[in-house]
Amino acid sequence: MCAPSRRSALGGAAGRQGPWNQAALPARSASPASGRRRRSRSTGGVYPAPAARERGWGGPPGPGYNPPTMRAARFSQIFVPTLKEAPADAQVASHRLLVRAGFIRQLGAGIYDYLPLAKRTLARVEAIVREEMDAVGGQEFELPALHPAEIWKESGRWTVMGDNMFRLKDRKGGDYCLGMTHEEIFTAIARAELRSYRQLPQVWYQIQTKFRDEPRPKSGLLRVRQFTMKDAYSFDLDAAGLDRSYEDQRVAYERIFTRCGLDFVAVQAHSGAMGGSASQEFMVRTDAGEDDVAACPRCRYAANAETARSKGPLAPLRPGPALDVPRRFPTPGVRTIEALAKPPHGRPAAMQLKTLVYMGDEKPVLAVVRGDDELNEAKLQTACGAAVLRPARPEEIRPLLGADPGSLGAVAFSAAPVYVDESLRGAAGMVTGANQDDVHLEGVDVARDLLWHAAVADLRSVRAGEGCPRCDGTLDLFKALEVGHIFKLGTKYSESMKASVLAADGKEVPLVMGSYGIGVERIMAAAIELHHDADGIVWPMAIAPYQATVLTLGQEPELRAAAEEVLGQLERAGVDTLYDDRDERAGVKFKDADLLGIPIRVAVGRKGLAGGTVEWKRRGTKEVQLVPLGEVGAKARALVEAETRRP
RNA sequence: CGGGGAGUGGCUCAGCCUGGUAGAGCACUUGGUUCGGGACCAAGGGGUCGCAGGUUCAAAUCCUGUCUCCCCGACCA
């Protein structure tokens, strides 16, 4: 931040004595002809700058970088490779615009170069994250990305992570991996160093590069194989402590996303490979996202579709006649629910039981849902407790059940665990496969024929329009992008890795842990998905690479001089500024300014200058205001302060 | 992994079917005219046509293999 003494230099007086003053011109400018293609030099005098800064480099942001930097960057000198056309393979807005505006370039599938503009925005996001982590007592670490296999084997995740983990060998043949997340590593530190309940709680975090061998990288920065994550871990003595740490993080997350200009919802989530009892995801509503969220507009209920519940299917069950015992009937050639619903069979989907076979940790499990419902794999995974779940292959199904998919059923089948959706609890008169090709059963009574060996669980996917499980509202379903995820891990890792402390009563107890992640690049990309228009990005002030941009509309010396005056004011006001000093036509500068999305645009042109004004425009609005030259600094300062203030 | 598509100057693409001189627009360089919403004229520079084999007198083009990237389905910040 700028020094208080310099801030106080702000004010009306400064504006009237700048180098835009006519008398100063001849001495301060090169002749138009020779100055045309020359790098603009600082006019010196009023605001001398170190030589390095004069070349226009704002200075590299990095660890400890604390924007805003002083001294405007010069567009003619900095590396901002903008493009008129987007690469053909960019599908989503954030990807297109990040490439076009010169923020990123692709190195490989799901691997991106972050160019200087991106680095500036990412540094701002990180600064906000850091501030909010520190505010809840977080302590920053930086741990290795390269991990020996042993530590992942201890927790069991060397296997669980499967192909998602990048693995490599060292020269001696030892197994290593690139870190996907750091529960194991932080837990190892806690295990080695934490001895007493008196040292708790601890909240540790880092902002660090993660590697995940995503099966399908896509959508620019939304789904990549190398990315920056803020990951935090809390260590408490007991569940109550974890509740407090978790709540601290939840509040910090809300502040972080709000400050970064994101509209988001916190939703109930599926814990997946992370394990643990409870978790919430922070979701940004956008069609570029890959998650489905069910939310009730009436109450605050919101959940990832993987866990969302509802009052149940909208269409009522349509039972057929009840029978004392299921009866076989021939269904030649019938392989699908639809085929069985049509003549000559005419068993509507809502009368059928759909039976699916999965492999949970390579052991078969059966799931039964209503014919017109969809199985939610995440729910099945929760129900059966498997670490890895996949659909069974036909060649695995036939030996087990004696039929191919299309005629499968769970009646009297107990060779593998069977889970039945709870909506079917009282269903009778149902139709299902007979585990013999071309034969089905009718008159199936779920309670009588299935539940003696099967378990009831929530398995079906909710649909838009179904009743909210908490109130009388109806559920909305929309696409969303996950930008953060917080987990109550409990003792999963501390037990497997034996990380414990002595409690007040002298007993050894495992640490109770939480883990909390934020995708830094995803925040940047999500902000663009939310804030852009046909012309380019519309950055929220708090994470814009520059807060203001100054354009000269022409090469006249008086325009340059006036621009220098404005830049001086902005510098003294602590506003991070990009000066478009290029010898380009006005249209080019306007287009680039719109594309880059810098919040404040100050255009210095002949027209305005004749009246002692410059043109002030907020990116994302239409209105252009004429502002007296001397007031730009104060006006920008006020806006920047208002829009970057901590809530 | 399954299915679909694409690799030709920095970017967007044509040429391939029907083998014979590698093209356009944008970008870049030089000169000139322009100059308030991606200017115009002229002259230039820049491409092992992803890679490797094969067929042929001759391959960007046909054949085989391979690599890479993108999109659609199963995972996650």
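All heavy atoms count here, side chains included; hydrogens, waters and symmetry mates do not. Below, chain A is the first sequence line, B the second, and so on; all start at residue 1.
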Its contact letters, B for base, S for sugar-phosphate only and - for none at protein heavy atoms under 4.0 Å, make nucleotides 2-12 of chain B read ---------BS
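- One C1' atom belongs to C63(B), the other to A42(B), and the distance between them is 46 Å to the nearest Å.
- If you measure from atom CD of Gln208(A) to atom P of A77(B), you get 14 Å, rounded to the nearest angstrom.
- Across all strands, Val224(A) comes closer than 4.0 Å to base atoms (heavy-atom distances).
- A salt bridge between Arg460(A) and Glu374(A) is absent, with no side-chain N of the basic residue lying under 4.0 Å from a carboxylate O of the acidic one.
- Using a 4.0 Å heavy-atom distance criterion, Glu584(A) is classed as making no nucleic acid contact.
- The distance between atom CG of Asp292(A) and atom P of C75(B), rounded to the nearest whole Å, is 13 Å.
- Aromatic ring centres of Trp152(A) and Tyr493(A): separated by at least 6.0 Å.
- Look at Phe227(A) and the base of A77(B); the rings stack, centres closer than 5.5 Å and planes less than 30° apart.
- Classification of the Phe186(A)-Trp204(A) ring pair by plane angle, with boundaries at 30° and 60°, yields tilted.
- Residue-level contact check: Val588(A) touches the bases, meaning some heavy atom is under 4.0 Å from a base atom.
- Computed from coordinates, the Leu595(A) CG to G37(B) P distance equals 18 Å when rounded to whole Å.
- Arg601(A) contributes no side-chain N or O that forms a donor-acceptor pair with the base of G36(B) under 3.5 Å.
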Kindly list each side-chain donor-acceptor pair under 3.5 angstrom involving residues 251-261 of chain A, sequence neighbours excluded, with atom names and distances?
unit_1, atom_1, unit_2, atom_2, d
Tyr253(A), OH, Lys230(A), NZ, 2.7
Tyr253(A), OH, Tyr516(A), O, 3.2
Tyr253(A), OH, Gly517(A), N, 3.0
Tyr253(A), OH, Gly517(A), O, 3.1
Glu254(A), OE2, Arg250(A), NH1, 2.8
Arg255(A), NE, Glu132(A), OE1, 3.3
Arg255(A), NH2, Pro647(A), O, 2.4
Thr258(A), OG1, Glu254(A), O, 2.6
Arg259(A), NH1, Glu131(A), OE2, 3.4
Arg259(A), NH1, Glu132(A), OE2, 2.7

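- Nucleic acid contact class of Leu553(A) (heavy atoms, under 4.0 Å, all strands): base.
- One C1' atom belongs to G15(B), the other to G23(B), and the distance between them is 7 Å to the nearest Å.
- A heavy atom closer than 4.0 Å to some atom of RNA chain B occurs in Gln106(A), Gly108(A), Ala109(A), these being the qualifying members of residues 104-114 of chain A.
- Nucleotides C26(B) and U64(B) place their P atoms 39 Å apart, quoted to the nearest Å.
- Arg157(A) has its CZ atom 17 Å from the P atom of C75(B), to the nearest Å.
- In this structure, Asp592(A) reaches the bases: a heavy-atom distance under 4.0 Å links it to at least one base atom across the strands shown.
- Between Lys218(A) and C71(B), a side-chain N or O to OP1/OP2 separation shorter than 4.0 Å is absent.
- In this structure, Lys379(A) does not pair ionically with Glu306(A), as no charged nitrogen and carboxylate oxygen lie closer than 4.0 Å.
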